[in-house]
Amino acid sequence: MLASKYCLKETKSFLRVEEEGKIYQSDSFGLAFFDRKDDDVSKFGFIVSNKISPESTNRNRVKRALKAAVRYELGQLKNGLDVVFLARQNILRKSTEEIINEVRVALKGSDLYK
């Protein structure tokens, strides 16, 4: 489980990432990130809409997999970032391990490592 201090909570933070951030497209999700230019911990948000799956169990499984992937990589990521993962439909067909690997590749591709 990802600690709450690493989670984006405010709507304005999500909107700022959407409006001012950069986007990295992966096969199963979009990764939008915004550099706050401070030394506070990076914060992460996860959006898995009802369009992805009307069943909450599927949406929650995807969120848990994304959060686990971020938790594994947390020590290697830069500080001062707001990052939002936006799931796509085909993420439902992937296992948790595949999602974790894809998150690792996306974070490296978007140059969010220290």
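Note that these values count all heavy atoms, side chains included, but never hydrogens, waters or copies made by symmetry. Position 1 is the first residue of the sequence, and the numbers go up from there. All values reported here derive from a predicted model rather than from experimental measurement.
Between Val105 and Tyr24, the shortest heavy-atom contact is O-OH, 4.2 Å. In this structure, Tyr6 and Ser42 approach most closely via the heavy-atom pair CD2-O, 3.5 Å.
Counting non-hydrogen atoms of other residues, nucleotides and ligands closer than 6.0 Å to NZ of Lys22 gives a total of 12 or fewer. At most 12 non-hydrogen atoms from other residues, nucleotides or ligands lie less than 6.0 angstrom from CG of Asp39. Residue-environment remark: NZ (Lys37) stays at or below the threshold of 12 foreign heavy atoms within 6.0 Å. Counting heavy-atom neighbours within 6.0 Å of Glu98 CD, excluding the residue itself, gives a total above 12.
Between Arg36 and Lys43 the shortest side-chain heavy-atom distance falls below 4.5 Å. Side-chain contact between Glu73 and Tyr113 is present, with at least one heavy-atom pair separated by less than 4.5 Å. You'll find the side chain of Leu66 reaches within 4.5 Å of the side chain of Val103, heavy atoms only.
At least one donor-acceptor pair closer than 3.5 Å links the side chain of Glu102 to the backbone N or O of Asp27. For the pair Lys78 (side chain) and Asp35 (backbone), a donor-acceptor distance under 3.5 Å is absent.
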Determine, step by step, whether Arg16 and Asp82 satisfy the side-chain contact (heavy atoms from CB on, under 4.5 Å) criterion, reporting the C-alpha distance in whole Å, the side-chain angles of both residues, the deciding distance to 0.1 Å, and the verdict.
CA-CA 9 Å; Arg16 182 175 59 192; Asp82 287 341; 2.7 Å; yes

Hey, mind stepping through Val62 and Ile52 against side-chain contact (heavy atoms from CB on, under 4.5 Å) and telling me if it holds?
CA-CA 10 Å; Val62 169; Ile52 302 300; 5.6 Å; no

Go through the steps for Leu8 and Phe14 under the test side-chain contact (heavy atoms from CB on, under 4.5 Å), then give the verdict.
CA-CA 7 Å; Leu8 277 177; Phe14 280 90; 3.8 Å; yes

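Considering CD of Glu18 and CD1 of Ile23, their distance stands at 8.0 Å, rounded to 0.5 Å. To the nearest 0.5 Å, atom OG of residue Ser13 and atom CZ of residue Phe34 are 9.5 Å apart. The CG atom of Leu86 lies 12.0 Å from the OG atom of Ser28; values are rounded to the nearest 0.5 Å. In this structure, the separation between CZ on Arg64 and CD1 on Ile99 is 10.5 Å, given to the nearest 0.5 Å. Rounding to the nearest 0.5 Å gives a distance of 11.5 Å between CD of Gln25 and OG of Ser110. To the nearest 0.5 Å, the span separating CZ on Phe33 from CG on Leu77 amounts to 11.5 Å.
Criterion: ILVMFWY side-chain heavy atoms under 4.5 Å apart, direct or through other members. Under it, Val48 and Ile91 are part of a common hydrophobic cluster.
The stretch residues 46-59 participates, sequence neighbours left out, in these side-chain hydrogen bond (donor to acceptor under 3.5 Å, both in side chains) pairs: Asn50-Arg59, Ser53-Asn58, Glu55-Asn58.
Phe29 has its ring centre less than 6.0 Å from the ring centre of Phe85.
Through chains of ILVMFWY side-chain contacts below 4.5 Å, Ile100 is grouped with Tyr72.
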